[in-house]
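Reminder, nothing fancy here: chain letters follow the sequence lines and each chain counts from 1.
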2 protein chains.
Amino acid sequence: MRIGDLSRRTGVSVASIKYYLREGLLPPGELTSPNQARYGEEHVRRLRLIRALVDVGGLSIAGTRDVLAAVDADDVALHHVLGATQKALLGTPVVADDDEAARAAKLLDDLVERRGWHVTETNPGRPAAIEILATSERLGTEVLTRLLDTYAEALEPLATAEVGAVVARGERSDVVESAVLGTVLGAGLFSALRTMAHESASSRLDAGPAAGPEEG
Amino acid sequence: MRIGDLSRRTGVSVASIKYYLREGLLPPGELTSPNQARYGEEHVRRLRLIRALVDVGGLSIAGTRDVLAAVDADDVALHHVLGATQKALLGTPVVADDDEAARAAKLLDDLVERRGWHVTETNPGRPAAIEILATSERLGTEVLTRLLDTYAEALEPLATAEVGAVVARGERSDVVESAVLGTVLGAGLFSALRTMAHESASSRLDAGPAAGPEEG
DNA sequence: ATGAGTGGAGAGTAGAACTATCCGTCCAGG
DNA sequence: CCTGGACGGATAGTTCTACTCTCCACTCAT
């Protein structure tokens, strides 16, 4: 398969494919002569994976490269790949060094202990969660802190099911790839379903006292 | 309060504040003379809200403007504000017109019916969910479709709690503002906690048969 | 042999989110 | 009352990202 076929198979322009090659997202094809290369099914698959991460997950090209590098490095533990994915998904927020951040950190660590979660120091979710809780406090919204336990409760069966579904897959490369996909697509899907569930829940307590005029 | 004070109070540069004014994210201050304006606490609050939506939620400036316009329009129903928020968060994906999309749509509609959810045609979550499910199928990962019910089950108490927490707040403007904040910050917080729960869950079935060498 | 396609490299582009400069005005401190 | 730093408003410039275009020396199917 040559670059034109690859383009036709995936709907990605030749120019973009070349760009992904330059940026190291896509491994080079096998050279059959100094300026001819052949691509295979793994390139089709990788290209679709790239588009999924970029389009659905909203990852940057640089973030995608990092995630794919972790996917390809077969000496990296699964949860490190997930860490890289999460980092690309959510960024690495700088945790402010103020009262709100300190209180948020305590709130979170208490939760983790109360729930008996096993979370290491390097988990990228921790600073992200702390920053969000601190931001929420700075804005004077106590809503989030009240929901923390509800979130944790909802997450326990969910995370178990997700990890279980992914691990039940056989070869490491498959496991890692569906772990990344599951993280990114799962987050998007969950978020989309959340909107639907919100509408459903709010329609249930419809004509609420403070919801303003409802139309439609 | 003048623009310099506003800048100092919020940590946002004067130039950026002017930019937000130009872009219509921040209402103009009260003019005390043709070229002097005064700003109040509502500007501080609004500026912090903008930064939260942009930094934590990753909303674009244009998307933030749309959300804030919905927040300010007091004749708009709560779920419409949430719809605008979700649209800004997740984008408005174009649903492809192929087999996978059709199957995904059926899958989703079945779920909604099975669960007895009340979701209108215009809910932006629906096309987003369909596109993600279709993408997942195109990549040959059946993991997501198997998790659909788990997601829905986790979401029901969660969405009820979120909507309940937000609606219990009194004035409409407060309700709407915390609804937006809850949607955006809640999504981020949930996602961060999810990473932590994943690590915890995967460490529970540690040394799994296909997880590759674990270090650390 | 020939013309469409190719690999590789560099330059160019469009949009987003600021950032800098300018100008006339204002106003607080001396 | 004078004056220098801040201000409001407008326009232009910058930086970054994710492409997209253009070249050029090949190569390969027809």
If you take atom types as modelled and just measure distance, does the side chain of A:R65 reach the base of D:dT17 with a donor-acceptor pair under 3.5 Å?
no

A:Y39: which residues meet the side-chain hydrogen bond (donor to acceptor under 3.5 Å, both in side chains) condition with it, sequence neighbours left out?
none

So if I take every side-chain heavy atom of B:A15 and compare against C:dG10, C:dG7, C:dT19, which nucleotide ends up nearest?
C:dT19

Using atom CG of A:L21 as one end and atom C1' of C:dT6 as the other, report the distance to the nearest whole Å.
12 Å

Quick one: is C:dT19 close enough that its OP1 or OP2 comes under 4.0 Å of any side-chain N or O from B:S16?
yes

Atom-to-atom span, CZ of A:R22 to P of C:dG10 - whole angstrom
9 Å

Do A:R38 side-chain and D:dT27 base share a donor-acceptor contact under 3.5 Å?
no

Compare the minimum distances between each of C:dG7, C:dT19, D:dG8 and the side chain of B:Y19, then state the nucleotide with the smallest one.
C:dT19

What is the distance, to the nearest angstrom, from the NE2 atom on B:H43 to the P atom on D:dG8?
11 Å

Just how far, in rounded Å, is C1' of D:dG8 from CG of B:L26?
14 Å

Assign each of B:P34 and B:A62 to its nearest nucleotide of DNA chain C by heavy atoms, then name whichever residue's nucleotide is nearer the 5' end.
B:A62

Without decimals, in angstroms, what is the distance between B:R2 CZ and D:dG8 P?
7 Å

What's the CD-C1' distance between A:Q36 and C:dG8, to the nearest Å?
12 Å

Working note: A:T120 + B:E199, criterion side-chain hydrogen bond (donor to acceptor under 3.5 Å, both in side chains); need CA distance, chi angles, decisive distance, verdict.
CA-CA 8 Å; A:T120 56; B:E199 187 187 345; 2.7 Å; yes

Taking atom CZ of B:R146 as the centre, report whether more than 12 heavy atoms of other residues, nucleotides or ligands fall under 6.0 Å from it.
yes

Which listed nucleotide (C:dC18, D:dC28, D:dC19) is nearest to the side chain of A:R51?
D:dC19

Looking at C:dG8, D:dC7, D:dG9, which one has an atom nearest to any side-chain atom of B:L31?
D:dG9

Rounded to whole Å, CD1 of B:I3 lies from C1' of D:dC7 at a distance of 8 Å

From the list A:V184, A:V56, A:L181, side-chain contact (heavy atoms from CB on, under 4.5 Å) with B:T135 holds only for A:V56

Side chain of A:S60, heavy atoms from C-beta onward: which of D:dC7, C:dT19, D:dA18 has the nearest atom to it?
D:dA18

Any B:Y39 side-chain nitrogen or oxygen under 4.0 Å from OP1 or OP2 of D:dC7:
no

Looking at A:N35, does any N or O in its side chain come under 4.0 Å of the phosphate oxygens OP1/OP2 on C:dG8?
no

C:dA17 C1' sits how many Å from B:L25 CG, rounded?
11 Å

I want to check something: taking the side chain as every heavy atom from C-beta on, are B:I3 and B:K18 in contact at a cut-off of under 4.5 Å?
yes

